Amino acid sequence: MKKVYGVIFMVVCLAAGAWAQEAAVEAAERVSLFDLIKQGGITMIPLGALSVAMIYFIVQNFASLRTKAMLRNDLMPELLKKMKSKDVDGALKTCDENPALFTMVLGAGLERCQLNDNPDFLRVKESVEEATVEQMASLMKPIDYLSIIGAVAPMLGLLGTVSGMIKAFQTMGTQGMGKPELLATNIGEAMVTTATGLIIAIPAMMFFFYFKKGFGKTLATLGRHIGFLFDTLEFGVYPLAYKHLNEED
């Protein structure tokens, strides 16, 4: 008998929960997006600007941080052959004709090699490192902007929260508790701005770490490829990863 009562109690609880959920959904549907934005007050203006900026930088990073476009692996066989034959001018011309992160960094090292028939590879390495830092600073800017958005958006949301709560207490002080709808409006402003700030900040930080990790991996691969090329130039031997080029020569 107790089991029957337990089952009935669970069914009643589930039904009550379903009814409450449906009521909440219906209530939410009656509030339009514009009403929510309006309820958030003036703080929603900078939050809206941050949301647009976040989308812009996410799209820009997807377009500019493509590994295939930055590394240009398709150029490696041609450049390795020119390095083995000591054709520095030809390799530099290939870099100039195919601008990308990889070719810009390699080109900086090749320019140093042009200054001397027997280049100092330590100085060449310094030139490559300088170019890598320069390119990294340029490409990291849009990634860092996502981090800034992720940090600023919650603070703006908190500012809206404080503003809404101040208005709520001012309403209580001047009109008492007789008009709960006015308090609800002020508290609604506080909640809407907090939620909006978090909605913007969470994806901004997620994409920040995603792009940062991917770019770090790309830089590691870039360093390995640059090392392959200058080792081939210095020693006249293809790296093991490209040993098949010996068969084509």
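Nothing fancy with the numbering, it's 1 onward along the sequence. FYI, side chains are in, hydrogens and waters are out, and symmetry mates aren't considered; it's all heavy atoms of this structure. All values derive from a computational prediction rather than experimental measurement.
- Note on Val133 and Leu106: separate hydrophobic clusters, where clusters join Ile, Leu, Val, Met, Phe, Trp and Tyr whose side-chain heavy atoms are under 4.5 Å apart, directly or indirectly.
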Side chains of residues 86-104: which donor-acceptor pairs under 3.5 Å do they make with residues two or more places apart or in other chains?
unit_1	atom_1	unit_2	atom_2	d
Lys86	NZ	Leu233	O	2.1
Asp87	OD1	Gly90	N	2.9
Asp89	OD1	Gln114	NE2	2.6
Thr94	OG1	Glu78	OE2	3.2
Thr94	OG1	Lys82	NZ	2.7
Thr94	OG1	Gly90	O	3.1
Asn98	ND2	Thr94	O	2.8
Thr103	OG1	Asn98	O	2.6
Thr103	OG1	Ala100	N	2.8
Thr103	OG1	Ala100	O	3.1

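- Each salt bridge (Lys or Arg N to Asp or Glu O under 4.0 Å) pair with one or both residues in residues 131-157, not counting sequence neighbours, would appear here, but there are none.
- Residues forming a side chain to side chain donor-acceptor pair (under 3.5 Å) with Arg112 (at least two apart in sequence, or on another chain): none.
- Applying the ring-ring contact (aromatic ring centres under 6.0 Å, His included) test to residues at least two apart or on different chains, the pairs with a partner in residues 114-164 are Phe57-Tyr145.
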Please evaluate residues Leu229 and Thr232 with respect to the criterion side chain to side chain contact (heavy atoms under 4.5 Å, CB included), reporting the C-alpha separation (whole Å), side-chain torsions for both, the decisive distance (0.1 Å), and the verdict. CA-CA 5 Å; Leu229 289 164; Thr232 302; 5.8 Å; no
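- Here the straight-line distance linking atom CD of Glu234 with atom SG of Cys113 works out to 9.5 Å at 0.5 Å rounding.
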In residues 210-224, what donor-acceptor pairs under 3.5 Å come from side-chain atoms, sequence neighbours left out?
unit_1	atom_1	unit_2	atom_2	d
Thr218	OG1	Gly214	O	3.0
Thr221	OG1	Lys217	O	3.2

Output, in order, the C-alpha distance, side-chain angles, deciding distance and verdict of side chain to side chain contact (heavy atoms under 4.5 Å, CB included) for Ile58 and Met54. CA-CA 6 Å; Ile58 289 174; Met54 177 189 69; 3.8 Å; yes
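- One finds the OG1 atom of Thr161 at 10.5 Å from the CG atom of Leu156 (value rounded to the nearest 0.5 Å).
- The distance from the NE2 atom of His225 to the CG atom of Leu75 is 11.0 Å, given to the nearest 0.5 Å.
- Here salt bridge (Lys or Arg N to Asp or Glu O under 4.0 Å) pairs that include residues 50-74, with residues two or more places apart or in two chains, are Arg72-Asp74.
- Between Met44 atom CE and Thr193 atom OG1 the span is 7.5 Å, to the nearest 0.5 Å.
- Figure legend: Lys125 and Phe230 shown without cation-pi pairing, the cationic atom not lying both under 6.0 angstrom from the six-membered ring centre and within 45 degrees of its axis.
- Two different hydrophobic clusters hold Ile202 and Phe208 under the rule that ILVMFWY side chains link at heavy-atom gaps under 4.5 Å.
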Test side chain to side chain contact (heavy atoms under 4.5 Å, CB included) on Leu71 and Met76 and set out the steps. CA-CA 9 Å; Leu71 292 181; Met76 280 294 291; over 6 Å; no
Under the side chain to side chain contact (heavy atoms under 4.5 Å, CB included) criterion, do Met70 and Leu139 qualify, and how do the steps go? CA-CA 11 Å; Met70 287 191 293; Leu139 291 170; 4.0 Å; yes
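- Within the structure, ring-ring contact (aromatic ring centres under 6.0 Å, His included) pairs that include any residue of residues 67-99 do not occur (at least two apart or interchain).
- Nearest heavy atoms, Ala151 versus Pro154: O-CD, 3.5 Å.
- When hydrophobic clusters are built by joining Ile, Leu, Val, Met, Phe, Trp and Tyr residues whose side-chain heavy atoms come closer than 4.5 Å, directly or via intermediates, Ile148 is grouped together with Leu50.
- In the hydrophobic clustering of this structure, Ile143 groups with Tyr56; members are Ile, Leu, Val, Met, Phe, Trp, Tyr whose side-chain heavy atoms approach within less than 4.5 Å, directly or through other members.
- For Tyr242, the OH atom sits in a packed shell: over 12 heavy atoms of surrounding residues, nucleotides or ligands are nearer than 6.0 Å.
- The closest side-chain heavy-atom distance from Tyr238 to Lys81 is below 4.5 Å.
- Legend: residues meeting side-chain contact (heavy atoms from CB on, under 4.5 Å) with Phe209, ordered by chain and number and at least two apart, are Met205.
- In this structure, OG1 in Thr196 is found 6.0 Å from CG in Leu47, a value given to the nearest 0.5 Å.
- Although no hydrogens or angles enter the test, the distance criterion places no donor-acceptor pair under 3.5 Å between the side chain of Ser127 and the main chain of Val124.
- Residue Pro142 comes nearest to Asn61 through the heavy atom pair CB-OD1, 3.2 Å, listed as atom of the first residue, atom of the second, then distance.
- Atom OG1 of residue Thr132 and atom CD1 of residue Ile226 lie 7.0 Å apart, to the nearest 0.5 angstrom.
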